[in-house]
2 protein chains.
Amino acid sequence: MSPAKRHAKVKMTDIAQAVGVSAMTVSRAFKGDTGVKPATRAAVLSKAEELGYVFDATAANLRQSRTGFVAVVVPSLENANFSATVRALSKALSQKNIQILLANTEYDVEEEERLIPQLLRRNPEAIVLIGTQHSKRTRALLKKAPVPVIEIWDLPREAIGHVVGFSNFDAVQLLVAHLVKSGRRRLGFLGGEAGNDPRGQQRRAGFVAALAQLALPAHRLVPLGTAPVGMTEGAAGLDRLLSQFPDTDGIICVSDLVGFGAVAQCARRGIAVPETLAIAGFGNYEIGRVCEPALTTVDVGAEQIGQRTAELVFDLLAPGNTRQGPRRFDIHPDLIVRRSTP
Amino acid sequence: MSPAKRHAKVKMTDIAQAVGVSAMTVSRAFKGDTGVKPATRAAVLSKAEELGYVFDATAANLRQSRTGFVAVVVPSLENANFSATVRALSKALSQKNIQILLANTEYDVEEEERLIPQLLRRNPEAIVLIGTQHSKRTRALLKKAPVPVIEIWDLPREAIGHVVGFSNFDAVQLLVAHLVKSGRRRLGFLGGEAGNDPRGQQRRAGFVAALAQLALPAHRLVPLGTAPVGMTEGAAGLDRLLSQFPDTDGIICVSDLVGFGAVAQCARRGIAVPETLAIAGFGNYEIGRVCEPALTTVDVGAEQIGQRTAELVFDLLAPGNTRQGPRRFDIHPDLIVRRSTP
DNA sequence: ATGAAAGCGCTAACAA
DNA sequence: TTGTTAGCGCTTTCAT
């Protein structure tokens, strides 16, 4: 351990004393306040450097009742879509030196209920949650929380506070329309039944609704199990779908990962995609661009969600903010047609 | 905005007053101290609930000089390997109510240099960094930082503090040995030249060293560009490798993602894997298990790294800790043989 | 089992 | 341009 670590903590008053000014001057020098003589500031900063001073944000936070961090609650980080959102959010926030306090629920509302109070104790300036499914207690807690709540990645009927999301229900309709336009009529859906993945459920519901509206059968639904589901489940799911409904001519998958699993399984079984079977994914993951054939999918704007959320946070934290009502940003997903569908 | 939000903040003294005890008793009741009459505690807790009290961790932190969070610095979250580590770490830490302060450098040491001081100001109890490549200033800063520094995912020659990692250099030798044993002699390597990915560089260096030791040629090296590189680069890289070195009979890729790109490209070009060309990846990503043929790879124990790091943190924070010297955990990666190699 | 006083390190507010 | 005072909300310490 270096000697520096043994020394008692250096604080503002130490620098003040060493330079021969008051603590306030040191404070001002540090935050780049106007009204500090350049020479004084220089002296302060150099002495701080010399003494190995580290500004104590905790103390400042207590005094100012502002912490400069945002709590972010995610169901999983091992989902490239969510990571993209977190990356965009993190990048934008870090530009203004706002830090992220991260919590991972692993798709578990109980865990979320346990984690959120821990986060709130730290006085985050806002709390961002991927997903809109929460326990009753969590909901109540967030409702009366003294910080802005931002739910993202979905458009809840009853939002707790602000929303930055898209309609998973509507987004799937882009895919259904595309498949039907190209002549497919016997469509199936892989996944979307998991109780812990409401976004997937919305997608499946959108699928069913779209078919119903077209007076097409919507019974070719194959469950894949509890979220997260991925490529492995997609491959197994394809087999199940075809054994139950051999005449299927098009499949929409709850995600590109599942879609890739299905495409890969088709390759193994010698099923021609898209000729015999059209397959579409969801989410525009890298795998869908690279696999063979490349997957038709929906780009949900994962980064855009993060970006917009950051902007919303800045807005909410802006000094002059008058706390208007809750805001709602509706992101519009894009259909991306690739070779896996005709 | 609910009425609760307009009220001034409820603090311990408010509860104390309402219950008719002192703030100290409230404090004790909250932390489950022995030496509070059960009836008193019950009264305190119920009044707290009633008033919507939220414990202020900032104030407690200032007083106790302990914050209960750990800073985690990652090059990227969109890498399933890193996310797995963060997940395991996060899960273990959250069990003891330690929060994660997340920073994402995007493989940029300059950005890291900018972010770390921001993190240190918040008095994290430890700082965990994926990677061991840092700027000179960052290194100096961390060296004299008053918190334990844990570098993970590599085994640096000169560690700043503690280490939980594996030798990327050695790990590749498992793959080389496997390919050579199965008769391949004209091996190539995809990726690993990127200056911002020292782990990749180590892998490539290990590849070159292993071949040199076997007196085999080690010139079939194809750069893929700046990290992060993925499937797309893998596909392009395969083409480049084969046009430069058409006689190549085995390829090791800097990651499974690149490996998948290469395998997919082989499928498109009608190159038989593994008969004509053996392909191995690195990192044991899900894609490598599911693709066709499944990829031979190295499992580096991403979760284990996170888990071990959490244990190390607990150790370092244990009250009786005597601050012994830096610890070093050497994780041993495993070879996983699949169908992409003979 | 409970309370009173002091103070963690910083900054808002006012003063000079 | 700089300084003084007070206090953010909690917990340590000592007292009862």
Side-chain angles (χ1 to χ4, degrees), chain A residues 7-45 47-48 51-69 97 118 120-125 146 319, chain B residues 7-45 47-48 51-69 97 118 120-125 146 319:
Chain A
H7 292 342
K9 182 172 185 173
V10 180
K11 46 190 150 173
M12 277 195 177
T13 51
D14 297 326
I15 299 173
Q17 222 162 22
V19 176
V21 294
S22 76
M24 260 326 289
T25 301
V26 176
S27 173
R28 290 181 179 118
F30 261 92
K31 64 166 60 156
D33 245 9
T34 57
V36 181
K37 202 159 47 172
T40 315
R41 158 176 294 119
V44 166
L45 296 182
K47 187 55 91 177
L51 299 183
Y53 171 69
V54 179
F55 181 92
D56 185 335
T58 310
N61 292 342
L62 177 59
R63 180 62 239 239
Q64 301 181 302
S65 315
R66 302 196 331 101
T67 55
F69 51 58
N97 288 330
Q118 299 294 333
L120 289 178
R121 289 170 151 230
R122 295 192 179 273
N123 295 306
E125 313 244 2
Chain B
H7 291 342
K9 182 172 185 173
V10 179
K11 44 190 152 176
M12 276 194 178
T13 51
D14 297 325
I15 298 173
Q17 223 161 20
V19 176
V21 295
S22 77
M24 262 325 292
T25 301
V26 177
S27 173
R28 290 184 180 116
F30 261 92
K31 62 167 61 157
D33 245 8
T34 58
V36 182
K37 206 160 40 173
T40 314
R41 157 175 295 120
V44 166
L45 295 182
K47 187 55 92 178
L51 299 183
Y53 171 69
V54 179
F55 181 92
D56 184 336
T58 309
N61 291 341
L62 176 59
R63 183 60 239 236
Q64 306 183 91
S65 315
R66 302 194 335 99
T67 55
F69 49 57
N97 288 331
Q118 300 293 332
L120 289 179
R121 288 168 152 233
R122 295 191 180 274
N123 295 307
E125 314 244 3

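Every heavy atom of this structure was used, including side-chain atoms; hydrogens, water molecules and symmetry mates were not. As the structure is a computational prediction, the values presented were derived from the model and not from experiment.
If you check every strand for non-hydrogen atoms under 4.0 Å, A:Phe30 touches nothing. When heavy atoms are screened at a 4.0 angstrom cut-off, B:Ser65 is found touching no nucleic acid atom at all.
Looking at heavy atoms from C-beta onward, B:Arg122 lies in side-chain contact with B:Phe69 at the 4.5 angstrom threshold.
Between B:Gly20 and A:Ala23, the one whose closest nucleotide on DNA chain C sits nearer the 5' end is B:Gly20. Across the interface with DNA chain C, nearest-nucleotide mapping of B:Val36 and A:Val54 shows B:Val36 to be the residue nearer the 5′ end.
Taken to the nearest 0.5 Å, the CG atom of B:Asp56 stands 11.5 Å off from the CG atom of A:Leu120. Atom-to-atom distance recorded for A:Asn61:CG and B:Thr67:OG1 is 11.0 Å, nearest 0.5 angstrom. To the nearest 0.5 angstrom, A:Ile15 atom CD1 is 9.5 Å from A:Lys47 atom NZ. Taken to the nearest 0.5 Å, the CZ atom of A:Arg28 stands 11.5 Å off from the CZ atom of A:Arg41. Residue B:Arg66 holds its CZ atom at 12.0 Å from OG1 of A:Thr58, rounded to the nearest 0.5 Å. Between the CZ atom of A:Phe30 and the OG1 atom of A:Thr25 there is a distance of 12.5 Å, given to the nearest 0.5 Å.
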Chi angles and distances behind the side chain to side chain contact (heavy atoms under 4.5 Å, CB included) call for B:Thr40, B:Val21: CA-CA 9 Å; B:Thr40 314; B:Val21 295; 4.0 Å; yes

Side chain to side chain contact (heavy atoms under 4.5 Å, CB included) assessment of B:Lys11 paired with B:Val26: CA-CA 10 Å; B:Lys11 44 190 152 176; B:Val26 177; over 6 Å; no

Evaluation steps, side chain to side chain contact (heavy atoms under 4.5 Å, CB included), between B:Met12 and B:Phe55: CA-CA 8 Å; B:Met12 276 194 178; B:Phe55 181 92; 3.8 Å; yes

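The side chain of B:Thr40 contributes an N or O atom lying less than 4.0 Å from OP1 or OP2 of C:dT2. In this structure, B:Tyr53 does not reach the D:dG9 phosphate: none of its side-chain N or O atoms is under 4.0 Å from OP1 or OP2. Between A:Thr25 and D:dT1 there is no side-chain polar atom (N or O) within less than 4.0 angstrom of OP1 or OP2.
Computed from coordinates, the A:Met12 CE to D:dC8 C1' distance equals 15 Å when rounded to whole Å. Regarding B:Asn61, its CG atom lies at a distance of 14 Å from the C1' atom of D:dC8, rounded to whole Å. For the pair B:Asn123 CG and C:dC10 C1', the interatomic distance rounds to 12 Å; values are reported in whole Å. At whole-Å resolution of the value, CG in A:Asp56 and P in C:dG9 are 7 Å apart. Here the P atom of nucleotide D:dG9 and the CZ atom of A:Arg121 are 16 Å apart, to the nearest Å. One can place CG of A:Leu62 at 12 Å from C1' of D:dT11, the figure rounded to the nearest angstrom. Rounded to an integer number of Å, the gap from A:Phe55 CZ to C:dC10 P is 7 Å. B:Lys9 has its NZ atom 9 Å from the C1' atom of D:dC8, to the nearest Å.
When distances are taken from the side chain of A:Lys37 to each of D:dC10, C:dG9, D:dT2, the shortest belongs to D:dT2. Relative to the side chain of B:Val21, the nucleotides C:dG3, C:dC10, D:dG9 differ in distance, and C:dG3 lies closest. In this structure, of D:dT11, C:dT2, C:dT11, it is C:dT11 that holds the atom nearest to the side chain of A:Ala60.
Summary of helix geometry: the two end axes of the helix from C:dA1-D:dT16 to C:dA16-D:dT1, each defined by five base pairs via their C1' atoms, are inclined to each other by 30° (rounded to 10°).
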At a cut-off of 3.5 Å, list every protein nitrogen or oxygen paired with a nitrogen or oxygen from nucleotides 12-15 of chain D, distance to 0.1 Å.
unit_1	atom_1	unit_2	atom_2	d
D:dT12	OP1	B:Gln64	OE1	3.4

